[in-house]
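Below, chain A is the first sequence line, B the second, and so on; all start at residue 1.
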Amino acid sequence: MQIQLDLGKTPFSLDHTLSCGQTFRWERQGDWWTGVVSQKVLKVRQVNGTMEFEASSEAADAQFLSRYFRLDDDLLRIYSRFAKDHYLCNAVREFYGLRLIRQEPWECLVSYICATFKNIPAIKQMIRNVSRRFGRPVLFKGQQFFTFPESSVLAEAELRDLKLCKLGYRASNVRETAKLINDGNFDLESLREMAFKDAKRVLLSLPGVGEKVADCVLLFSLDKLEAFPIDVWMKRVVLEYYSENFEPAFVEKVKLKRTLSRREYQTLYDFGRSYFGEYLGYAQEYLYHYKRCQAQAGS
DNA sequence: TGTTTCCCTAAGTC
DNA sequence: AGACTTAGGGAAA
């Protein structure tokens, strides 16, 4: 059964939201996007101010979609707080309506542990492989999809099988993290109620989770909009667009390095926090997408 | 114009 | 500070 969700005057762009690289389980065919979210298959398209969708389960109703796509965020207010320079104004104009997505924390955590040193097509491939190998099949409109496996399943997975999913050295990090989560030492949902710094400290204790992965999980699944993940693209954004905020020697030194030390990461974060304000997580996502599109257009 | 090969780099962590 | 580790994708052949 097809359901409609009226967006009213709420700024929203389904295409920008699903194209910007924050999530790895959606595919576009024509106007329609199909993806697996929390045990359900969704097929969605946007026609101006309306979202039309179908789902494999009735649990995926308009309220579910509204929560997943963060339609509760007041985007205009968020824009007014950070769109104060050339780059952000351009990014907001170009990607108007792009929203962060409220992902399922466990899948988000594994996705970003896998994301280290990989490009987005490769990450999508890994998550697809893991779901096909360890997830549960769901039939939707005559096609077979696979849910993302629970931590209990990955905790008992053979390393060999995870490596066959092309995880490489990430396989052991995924399995050991799954064990810790599954043993009940960590309740990911409880992090949502904690302060940003406390939640981050907990995540940093998991194998395969450093500053950047922790920030991604906090931003994309645990409602911490003050997270500001700095990967190679965001490093370039900060050091190229906002270099005047740093010592020239620092800029030159950090530009040349492949990876950031914890101290350097913190220095870039502190700039983001003071310059972009309370919604720096949103600013991050716009600038990340903007920089990647610029690079693609230029080459 | 269609393959194959080579090379660089990727939503970093420890 | 340097090792880890691998596949996608563009350039070159």
Side-chain angles (χ1 to χ4, degrees), chain A residues 16-27 91 95 98 100-101 103 105 107-130 159-178 180 200-222 224 227-240 253-269 272 280-299:
Chain A
H16 291 324
T17 298
L18 293 179
S19 301
C20 72
Q22 59 180 316
T23 179
F24 306 104
R25 290 272 269 166
W26 288 90
E27 298 295 335
F95 307 124
L98 187 161
L100 292 172
I101 284 178
Q103 299 183 38
E107 179 177 333
C108 185
L109 172 60
V110 175
S111 298
Y112 282 96
I113 288 176
C114 289
T116 68
F117 248 12
K118 284 290 173 186
N119 57 27
I120 290 171
I123 302 162
K124 285 186 166 182
Q125 175 83 274
M126 288 188 273
I127 299 304
R128 191 159 50 233
N129 292 341
V130 167
L159 277 186
R160 191 186 125 70
D161 292 333
L162 285 170
K163 288 188 178 176
L164 284 176
C165 295
K166 303 188 176 180
L167 297 201
Y169 68 90
R170 303 158 193 81
S172 59
N173 288 335
V174 167
R175 191 181 63 177
E176 297 313 305
T177 290
L180 286 167
K200 185 163 178 176
R201 190 175 310 122
V202 173
L203 287 173
L204 286 173
S205 70
L206 295 166
V209 180
E211 296 281 334
K212 187 267 175 184
V213 173
D215 274 344
C216 285
V217 176
L218 291 165
L219 180 63
F220 299 135
S221 74
L222 292 167
K224 304 302 180 199
F228 189 71
I230 304 165
D231 68 326
V232 290
W233 295 99
M234 282 309 292
K235 186 185 90 171
R236 289 170 194 155
V237 164
V238 175
L239 296 180
E240 291 173 22
K253 181 178 134 200
V254 176
K255 265 186 181 174
L256 291 174
K257 297 181 66 172
R258 282 184 87 185
T259 63
L260 301 173
S261 70
R262 192 160 281 201
R263 185 182 180 82
E264 289 157 348
Y265 190 100
Q266 189 63 42
T267 301
L268 298 184
Y269 176 87
L280 68 166
Y282 257 101
Q284 187 275 352
E285 202 55 20
Y286 275 82
L287 290 169
Y288 171 81
H289 194 36
Y290 182 74
K291 184 64 174 165
R292 278 174 49 92
C293 289
Q294 292 284 95
Q296 196 171 25
S299 63

Whole angstrom is fine here: how far is it from [atom1] in [X] over to [atom2] in [N]?
{"X": "A:Lys124", "N": "B:dA10", "atom1": "NZ", "atom2": "P", "value": "18 Å"}
{"X": "A:Arg258", "N": "C:dA3", "atom1": "CZ", "atom2": "C1'", "value": "10 Å"}
{"X": "A:Ile123", "N": "C:dT6", "atom1": "CD1", "atom2": "P", "value": "16 Å"}
{"X": "A:Asn119", "N": "C:dT5", "atom1": "CG", "atom2": "C1'", "value": "14 Å"}
{"X": "A:Lys200", "N": "B:dG12", "atom1": "NZ", "atom2": "C1'", "value": "13 Å"}
{"X": "A:Ile113", "N": "C:dC4", "atom1": "CD1", "atom2": "C1'", "value": "16 Å"}
{"X": "A:Leu204", "N": "B:dC14", "atom1": "CG", "atom2": "C1'", "value": "12 Å"}
{"X": "A:Glu176", "N": "B:dC14", "atom1": "CD", "atom2": "P", "value": "13 Å"}

Side-chain N,O (A:Arg170) to OP1/OP2 (C:dT5) below 4.0 Å: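 For A:Arg170, the contact criterion (side-chain N or O under 4.0 Å from OP1 or OP2 of C:dT5) is not met.
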Given that A:Gly208 and A:Met234 both sit by DNA chain B, which one's nearest nucleotide is further toward the 5' end?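 Result of the comparison: A:Met234.
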First of A:Arg292 and A:Arg262 reached from the 5' end of DNA chain B, by closest nucleotide: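 First, find each residue's nearest nucleotide; the 5'-ward one identifies A:Arg292.
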What nucleotide, of [options], holds the atom closest to the side chain of [X]?
{"X": "A:Phe117", "options": "B:dA11, C:dT5, C:dG2", "answer": "C:dT5"}
{"X": "A:Trp233", "options": "B:dA11, C:dC4, C:dG8", "answer": "B:dA11"}
{"X": "A:Ala115", "options": "C:dG2, B:dA10, B:dA11", "answer": "B:dA11"}
{"X": "A:Val213", "options": "B:dG12, C:dG8, B:dA10", "answer": "B:dG12"}
{"X": "A:Pro121", "options": "C:dG8, B:dT13, C:dC4", "answer": "C:dG8"}
{"X": "A:Gln125", "options": "B:dA10, C:dG8, B:dG12", "answer": "C:dG8"}
{"X": "A:Gln22", "options": "C:dT5, B:dT13, B:dA11", "answer": "B:dA11"}

Scan [X] against the nucleic acid and name what it touches under 4.0 Å (heavy atoms): base, sugar-phosphate only, or nothing.
{"X": "A:Gly21", "answer": "base"}
{"X": "A:Ile120", "answer": "sugar-phosphate"}
{"X": "A:Tyr265", "answer": "nothing"}
{"X": "A:Leu167", "answer": "nothing"}

Counting only heavy atoms from other residues, nucleotides and ligands, does the tally under 6.0 Å from NZ of A:Lys255 exceed 12?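 Correct, the count exceeds 12.
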Rounded distance in Å between the [atom1] positions of [N] and [M]:
{"N": "C:dA3", "M": "B:dA11", "atom1": "P", "result": "23 Å"}
{"N": "C:dA12", "M": "B:dG2", "atom1": "C1'", "result": "14 Å"}
{"N": "B:dC14", "M": "C:dA7", "atom1": "C1'", "result": "23 Å"}

Angle class for the A:Phe228/A:Tyr269 ring planes (parallel below 30°, perpendicular above 60°, tilted otherwise)?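 Perpendicular: the ring planes of A:Phe228 and A:Tyr269 meet at over 60°.
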Contact summary for [X] and [Y], nearest pair of heavy atoms:
{"X": "A:Lys163", "Y": "A:Ala171", "result": "CG-CB, 3.9 Å"}
{"X": "A:Leu98", "Y": "A:Cys20", "result": "CD1-CB, 3.9 Å"}
{"X": "A:Phe220", "Y": "A:Cys108", "result": "CB-SG, 3.8 Å"}

Would you say whether A:Tyr112 stacks on B:dA11? The test is a distance between ring centres of less than 5.5 Å and an angle between planes of less than 30°. no
Determine whether the side chains of A:Glu264 and A:Ser261 contain a donor N or O and an acceptor N or O closer than 3.5 Å. yes
Residue pair A:Tyr265, A:Asp215: steps toward the side-chain hydrogen bond (donor to acceptor under 3.5 Å, both in side chains) verdict: CA-CA 11 Å; A:Tyr265 190 100; A:Asp215 274 344; 2.7 Å; yes
Which sits closer to the 5' end of DNA chain C, A:Lys166 or A:Lys257, going by the nucleotide each is nearest to? A:Lys257
Distance-only donor-acceptor test, A:Lys212 side-chain atoms vs B:dT13 base atoms, 3.5 Å: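 A donor-acceptor contact between them is absent.
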Taking pairing as Watson-Crick or G-U wobble with both contacts under 3.5 Å, can you name the mate of B:dA11, or confirm there isn't one?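 The base-pairing partner of B:dA11, which may sit in any strand shown, does not exist here.
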